[in-house]
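Order of the sequence lines fixes the chain letters, A, B, ..., with proteins taken first and strands second; residue numbering starts at 1 for each chain. Please read these numbers as outputs of a predicted model, since none were measured by experiment.
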Protein chains: 2
Amino acid sequence: MSDPSPGLNSEQLGAYFALMEVSSLLQYAVDEHLRADGDLSYVQFQILARLVDAPEGRLRMTDLADGVVYSRSGLTYQAGLLEKRGLITRAPSPDDERSVMVTVTDAGRDLIAHVLPGHVERVRQLLFDPMKGRDLATLSGVLGRVREHMRATPPRSAKPRAGRNRAE
Amino acid sequence: MSDPSPGLNSEQLGAYFALMEVSSLLQYAVDEHLRADGDLSYVQFQILARLVDAPEGRLRMTDLADGVVYSRSGLTYQAGLLEKRGLITRAPSPDDERSVMVTVTDAGRDLIAHVLPGHVERVRQLLFDPMKGRDLATLSGVLGRVREHMRATPPRSAKPRAGRNRAE
DNA sequence: ACTTGATCGTTCGAATTCTAAGCAAGTAAA
DNA sequence: TTTACTTGCTTAGAATTCGAACGATCAAGT
């Protein structure tokens with residue numbers, strides 16, 4: 001039900017714009033570093049990092065795509081590039097013949113290990129240096145809650161059920 | 001001097017990931033609405049919105065590009081699309097013959113006015129509904145400060161000065 | 001078994017994006 | 001003024017991205 005749509009006050013609007021601008025600028029900055037230091041795009045870094053973090057270093061394509069907020073076809077394309085560079089391998093899953101398990105190779109782990117310190121350093125400089133006091137605690141609290149809320153909120157176009165909807 | 005690179009603690013890392021994921025999901029959600037309701041991409045909406053906000057409803061291409069964190073050539077492309085749809089006009093600036101002034105048309109203003117309520121509504125539902133108490137105040141304080149810090153921090157690859165650098 | 005429907009991943013084509021190169025116009029120094 | 005450099009924008013071509021269509025596999029229900 002959530003409140004009879006009063007729009008956003010100017011503080012909310014400012015926070016919204018700031019959020020989008022900060023994430024854009026941050027992504028540009030780290031992307032630049034990743035390319036220079038490891039010839040990786042931000043997306044590729046995300047994929048590898050997520051795999052390194054996963055148990056056994058492997059994930060199904062779909063879970064990986066959901067994790068990095070990315071389309072399946074886009075992931076197929078990037079996985080092709082990463083596989084060509086020997087940073088990951090792909091193999092059909094034993095349990096489910098449809099799905100493909102993606103696994104980081106040692107080369108992939110090495111590359112992430114090589115790039116990570118500089119990456120983290122940039123994030124610290126840009127994002128956390130200007131914070132003070134309880135800023136971090138509040139920020140991570142709020143963002144964590146918002147993230148859960150978003151994950152739980154299905155996209156508005158939540159599948160027109162069968163077919164015959166959508167007049168017009 | 002900012003601290004001898006201790007990396008990031010796990011709370012910082014979590015906040016960083018949450019920030020990127022939240023902005024991604026939020027952008028997907030509003031993008032979906034904008035396309036359905038006004039046949040606009042998120043970038044196009046940003047361009048128009050920024051113009052509507054500008055004095056006289058016009059801006060130079062470069063300032064517009066910087067404002068939306070976008071490449072110049074990308075903006076040229078999008079401006080072409082928007083002009084074709086009659087939402088903006090382009091004209092050479094009187095003062096500086098090089099630069100191009102972009103202006104929102106009435107149609108452009110109307111479209112933004114049409115789309116804005118739904119847009120804002122989604123942002124409110126996804127981003128602000130799960131907030132409470134002083135969350136908003138802190139968030140906008142922190143993000144505002146971070147944004148200023150980022151704008152002031154030049155990209156690391158701050159122009160190889162003249163030409164003869166970049167061995168290799 | 002047999003149909004129906006959902007899920008998984010890829011391929012295809014179109015749209016978007018970036019970088020590099022180029023042109024035109026401004027600025028500054030000689 | 002002439003030269004050199006910078007700035008503003010566009011063009012050209014390659015790379016990336018997405019959505020729709022597809023083939024294959026699984027999961028139920030009958």
Can you see if the side chain of [X] gets near the phosphate of [N] - specifically, an N or O under 4.0 Å from OP1 or OP2?
X      : N       : answer
R72(A) : dT17(D) : no
T76(B) : dT10(D) : yes
S71(A) : dC18(D) : yes

Any pair counted as salt bridge (charged side-chain N to carboxylate O under 4.0 Å, His left out), so long as it reaches residues 96-105 of chain A, sequence neighbours left out: D96(A)-R98(A)

Under the salt bridge (charged side-chain N to carboxylate O under 4.0 Å, His left out) definition, can you give me all pairs with a residue in residues 105-118 of chain A, not counting sequence neighbours? none

Same cluster for L81(A) and Y70(A) if Ile/Leu/Val/Met/Phe/Trp/Tyr side chains link at under 4.5 Å? no

How is Y42(A) classified with respect to the nucleic acid when contacts are heavy atoms under 4.0 Å: base, sugar-phosphate, or nothing?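 No contact.
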
Sequence-aligned protein contact record of nucleotides 20-29 of chain D, with B where the base is within under 4.0 Å of a protein heavy atom and S where only the sugar-phosphate is: -----BS---

R60(A): what forms a side chain to side chain contact (heavy atoms under 4.5 Å, CB included) with it, not counting sequence neighbours?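 T62(A), D63(A), S99(A), M101(A).
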
Starting at [atom1] of [X] and ending at [atom2] of [N], how long is that distance when rounded to a whole Å?
X      : N       : atom1 : atom2 : result
D31(B) : dT17(D) : CG    : P     : 15 Å
D39(A) : dT16(D) : CG    : C1'   : 15 Å
E83(A) : dG9(C)  : CD    : P     : 14 Å

Contacts of E83(A) that satisfy side chain to side chain donor-acceptor pair (under 3.5 Å) - sequence neighbours left out: R90(A)

What are the residues of residues 54-64 of chain B, sorted by number, that bring a heavy atom to within less than 4.0 Å of DNA chain C?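 By residue number: none to list.
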
Decide, yes or no, whether a salt bridge links R124(A) with E121(A) under the criterion of side-chain N to carboxylate O below 4.0 Å. yes

[X]: what forms a salt bridge (charged side-chain N to carboxylate O under 4.0 Å, His left out) with it, not counting sequence neighbours?
X       : answer
E11(A)  : none
D66(B)  : R72(B)
R134(B) : none
D31(A)  : R35(A)

Give me, pair by pair, the N or O atoms of the protein and of nucleotides 14-16 of chain C that are less than 3.5 Å apart, along with how far apart they are.
{"from": "dT16(C)", "atom 1": "OP2", "to": "Y77(B)", "atom 2": "OH", "distance (Å)": "2.8"}

Under 3.5 Å, sequence neighbours excluded: what are the donor-acceptor pairs made by side chains of residues 13-21 of chain B?
{"from": "Y16(B)", "atom 1": "OH", "to": "H119(A)", "atom 2": "NE2", "distance (Å)": "2.8"}
{"from": "E21(B)", "atom 1": "OE1", "to": "R151(A)", "atom 2": "NH2", "distance (Å)": "3.1"}
{"from": "E21(B)", "atom 1": "OE2", "to": "R151(A)", "atom 2": "NE", "distance (Å)": "2.9"}
{"from": "E21(B)", "atom 1": "OE2", "to": "R151(A)", "atom 2": "NH2", "distance (Å)": "3.1"}

If you assign L75(B) and G74(A) each to the DNA chain D nucleotide with the nearest heavy atom, which residue ends up on the more 5' nucleotide?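 Going by which nucleotide is closer to the 5' end, it is L75(B).
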
